[in-house]
**Q** 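Just passing along the structure, written as structure tokens.
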Amino acid sequence: TTMSTDKPGSTEVAANAGTSKYSKSNAINSRYTYDSQQLDDLRKRSPWTEDPKWFTSVSVSPTALVKMMMHCNSGVEKGTQKGGNPIEVMGLMLGRPDPLTPRTLVVTDVFPLPIEGFETRVIADDQDVVNHMIALGETLESTRKEKFMGWYHSHPFDVGEYSHCFLSQTDISTQLQWQRAEDPHGNPFLAIVVDPLRSLALSCPQIKAFRVYPPDYNSPIVNECPDGSIIQDEKERLEKWGNCWSRYYELEVEYFMSNSARNVMDILTKNLWMKSFGNVASLETENVKRYPERLASISEKLQKADVTSFTANLINPLHPMAGSASETSAAMAGLVSREGNSVASTATTTATTAEMRKNRHAEEIKNACDGLVDLATEKVHESITQLVKKDLFS
């Protein structure tokens, strides 16, 4: 099975094996390895320097996707915790062009950078950042065969009608500099934009991949948008793709996973392991909203119940509500022998009423306590699950 897209730039997961050209096992596993000689030959030819739209797709590893999404979500949390707007973040991507499918770029890993910005102003011009990139590059040269082949950043804007996955003027300027510096040397550069707020709202990663046209290139198709569609309405074009909609194009995004990884995922899914750790009921939006209501309901039940009388009954056996059924019967028998049927009848009614009252109070308190135990259990389960997830995946 492979994760693929139904249309350029979308991030829908293919439901069936065979929906992508990479559904065969040898093709899937080939994403994790390559022929060095073939890759060197492809880099030397650099066909992308002659065709502005040479690349048509991007294949992203699960590791790269998860790290990107976690980094972008951290920018959202950091900004909102400070009481402000979500913060844009940026990182570099590791990968290569694929010799077997030369029009596809493969992203194998990503590395966050210490860069933060607001709106469309993510620029790596700080000397500390430059030094960080140099040090990271030198480390990877000795441990990894791939190169830095792209950059990603987030657009954490309010969720609207359209996705915020587009390139701003600043983004295009940055991407064009990268392409001019890297493309001629056999290292085609890629830009990916993540919409973290929309991803959270839809519970599905919202990312798109782009390459920029050379300054002298003009599309032969009038009003052609980055995804290849034709939109006549200028306002709609601007809302979907930004002011520079004609200066870049979109690549299809797909995801790949090895057969071994797929087998492990199948085992975890069948055993409900992922469901147990991935779905925490108490953290779902509806349950979070209902939690104060449930707590208030339990408090109200405890206030209405005659807790004082009930606890006194447990402590003081002479309390009017005290006594078992046998004790009540014995007392009634004594009353009959001493006072006669009339008194016995009154005693019977009084004892029965007291017994019913005691049972009612006991039931009310039991229901309230059961609800309280349920809430406490959910909170303990939530805490344990979060701690386990942190230890396993952080």
**Q** Any chance you could lay out the side-chain contact (heavy atoms from CB on, under 4.5 Å) test for Val60 and Phe256, step after step, and finish with the verdict?
**A** CA-CA 6 Å; Val60 183; Phe256 66 92; 5.6 Å; no
**Q** Answer whether the closest heavy-atom distance between the side chains of Leu105 and Pro188 falls below 4.5 Å.
**A** yes
**Q** Any chain of hydrophobic side-chain contacts (each under 4.5 Å) joining Leu197 to Met70?
**A** no
**Q** Between Arg294 and Glu378, is the side-chain contact (heavy atoms from CB on, under 4.5 Å) condition met? List the steps.
**A** CA-CA 12 Å; Arg294 294 170 65 190; Glu378 289 178 12; 3.1 Å; yes
**Q** Is it true that Ile192 and Val76 fall in one hydrophobic cluster, defined by side-chain heavy atoms closer than 4.5 Å?
**A** no
**Q** Does a side-chain heavy-atom distance below 4.5 Å link Tyr217 with Ser246?
**A** no
**Q** Taking side chain as C-beta onward, heavy atoms only, is Val159 less than 4.5 Å from Leu200?
**A** no
**Q** For Thr108 and Ser61, test the side chains for any donor-to-acceptor distance below 3.5 angstrom and give the result as yes or no.
**A** no
**Q** Any sub-3.5 Å donor-acceptor pair from Arg103's side-chain atoms to Thr56's backbone N or O?
**A** no
**Q** Quick check for you: to the nearest 0.5 Å, what is the distance between Glu146 atom CD and Met93 atom CE?
**A** 13.0 Å
**Q** Which residues pass the ring-ring contact (aromatic ring centres under 6.0 Å, His included) test with Tyr248, sequence neighbours left out?
**A** Phe210
**Q** Indicate yes or no for a side-chain donor-acceptor contact from Ser297 to the backbone of Glu293 under 3.5 Å, with no hydrogens or angles considered.
**A** no
**Q** Mind checking whether Asn223 and Trp245 have side chains closer than 4.5 Å, heavy atoms only?
**A**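 A side-chain contact exists here, since the closest heavy-atom pair is under 4.5 Å.
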**Q** Ignoring hydrogens, what is the shortest heavy-atom contact between Ala209 and Val58? Give both atom names and the distance.
**A** CB-CG2, 3.7 Å
**Q** Quick one: does Tyr34's side chain get under 4.5 Å of Val106's, heavy atoms only?
**A** no
**Q** Could you tell me how the ring of Phe157 sits relative to the ring of Phe166: parallel (under 30°), tilted (30 to 60°) or perpendicular (over 60°)?
**A** tilted
**Q** As an exercise, state the distance from CG of Asn187 to CE of Met149, rounded to the nearest 0.5 Å.
**A** 7.5 Å
**Q** Is Ser154 reaching over with its side chain to a backbone N or O of Pro156, donor-acceptor style, under 3.5 angstrom?
**A** no
**Q** Would you kindly confirm whether Met69 and Leu190 end up in one hydrophobic cluster when ILVMFWY residues are joined by side chain heavy atoms under 4.5 Å apart?
**A** yes
**Q** Could you pull out the closest heavy-atom pair between Gly186 and Arg43, with the gap in Å?
**A**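 For Gly186 versus Arg43, the nearest heavy atoms are O-NH1, 2.6 Å.
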**Q** If you compare all heavy atoms of Trp54 against all heavy atoms of Pro102, which two are closest, and at what distance to 0.1 Å?
**A**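 Looking at all heavy atoms of both residues, the closest pair is NE1-O, 3.1 Å.
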**Q** Does Trp241 share a hydrophobic cluster with Leu238, counting links as ILVMFWY side-chain heavy atoms below 4.5 Å and allowing steps through other members?
**A**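 Yes, Trp241 connects to Leu238 through the hydrophobic network.
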**Q** With side-chain contact (heavy atoms from CB on, under 4.5 Å) as the criterion, how do Ile207 and Leu65 come out once you've worked through the C-alpha distance, each side chain's angles and the decisive distance to 0.1 Å?
**A** CA-CA 9 Å; Ile207 74 171; Leu65 177 65; 4.1 Å; yes
**Q** Would you name the heavy atoms of Pro86 and Thr80 that are closest together and state the gap between them?
**A** CG-CG2, 4.3 Å
**Q** Please walk me through it: do Glu250 and Lys240 pass salt bridge (Lys or Arg N to Asp or Glu O under 4.0 Å)?
**A** CA-CA 13 Å; Glu250 181 182 358; Lys240 287 189 69 174; over 6 Å; no
**Q** For His71, is there any backbone N or O sitting under 3.5 Å from a side-chain donor or acceptor partner on Ser74?
**A**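 A pair under 3.5 Å: yes.
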**Q** Would a distance-only check, ignoring hydrogens and angles, find a side-chain to backbone donor-acceptor pair under 3.5 Å from Asn85 to Gly79?
**A**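 Not a single qualifying donor-acceptor pair exists.
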**Q** Counting distance only, does the side-chain N/O of Ser383 pair as donor-acceptor with the main-chain N or O of Lys379 below 3.5 Å?
**A**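 Checked: pair present.
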**Q** Indicate whether any N or O donor in one side chain lies under 3.5 Å from an N or O acceptor in the other, for Ser168 and Asp171.
**A**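 Short answer, yes.
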**Q** Would you check if there is a donor-acceptor pair between the side chains of Ser163 and Gln206 at a distance under 3.5 Å?
**A**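 There is no such pair (donor and acceptor under 3.5 Å, judged by atom type) between the side chains of Gln206 and Ser163.
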**Q** Roughly how far, to the nearest 0.5 Å, is the CD atom of Gln179 from the CD1 atom of Ile172?
**A** 10.5 Å
**Q** Tell me whether Asp233 at atom CG has more than 12 heavy atoms from other residues, nucleotides or ligands lying less than 6.0 Å away.
**A**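 Enclosed.
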**Q** Looking at CG of Asp227 and SG of Cys225, how far apart are the two atoms once the value is rounded to the nearest 0.5 Å?
**A** 6.0 Å
**Q** Quick one: do Trp151 and Leu113 satisfy side-chain contact (heavy atoms from CB on, under 4.5 Å)? Show the steps, please.
**A** CA-CA 10 Å; Trp151 65 299; Leu113 291 175; over 6 Å; no
**Q** Give a yes/no verdict on a cation-pi contact between Lys67 and Phe111, requiring under 6.0 Å between NZ or CZ and the six-membered ring centre and an angle within 45° of the axis.
**A**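 Flagged: Lys67 positioned over aromatic ring of Phe111.
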**Q** Checking salt bridge (Lys or Arg N to Asp or Glu O under 4.0 Å) for the pair Lys366/Asp370: CA distance, chi angles, key distance, verdict?
**A** CA-CA 6 Å; Lys366 179 181 180 300; Asp370 287 346; 3.0 Å; yes
**Q** Return the minimal non-hydrogen interatomic distance between Trp48 and Pro97, and the atom names on each side.
**A**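 Smallest heavy-atom distance, with atoms named: CH2-CG, 4.3 Å.
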**Q** Does any N or O in the side chain of Arg211 come within less than 3.5 Å of the main-chain N or O of Tyr249, such that one atom is a donor and the other an acceptor?
**A**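 No; judged by distance alone, with no hydrogens or angles, the pair does not exist.
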**Q** Quick one: does Arg237's side chain have a donor or acceptor within less than 3.5 Å of a partner on Gln232's backbone?
**A** yes
**Q** Which pair of non-hydrogen atoms, one from Arg198 and one from Glu161, has the smallest distance, and what is that distance?
**A**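 The answer is NH2-O, 3.3 Å.
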**Q** Distance from Ile230 atom CD1 to Ile221 atom CD1, nearest 0.5 Å?
**A** 5.5 Å
**Q** When you compare the side chain of Leu167 with that of Arg247, does any pair of heavy atoms fall below 4.5 Å?
**A**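 No, too far: nothing below the 4.5 Å cut-off.
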**Q** I need the Thr63 OG1 to Met68 CE distance, nearest 0.5 Å.
**A**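 The CE atom of Met68 is 10.5 Å from OG1 of Thr63, to the nearest 0.5 Å.
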**Q** Look only at the side chain of Ser199 and the backbone of Asp195, and say whether a donor-acceptor pair between them is shorter than 3.5 Å.
**A** yes
**Q** Does the side chain of Phe55 reach to within under 4.5 Å of the side chain of Thr104, using non-hydrogen atoms?
**A** no
**Q** Does the side chain of Val193 come within less than 4.5 Å of His164's, by heavy atoms?
**A** no
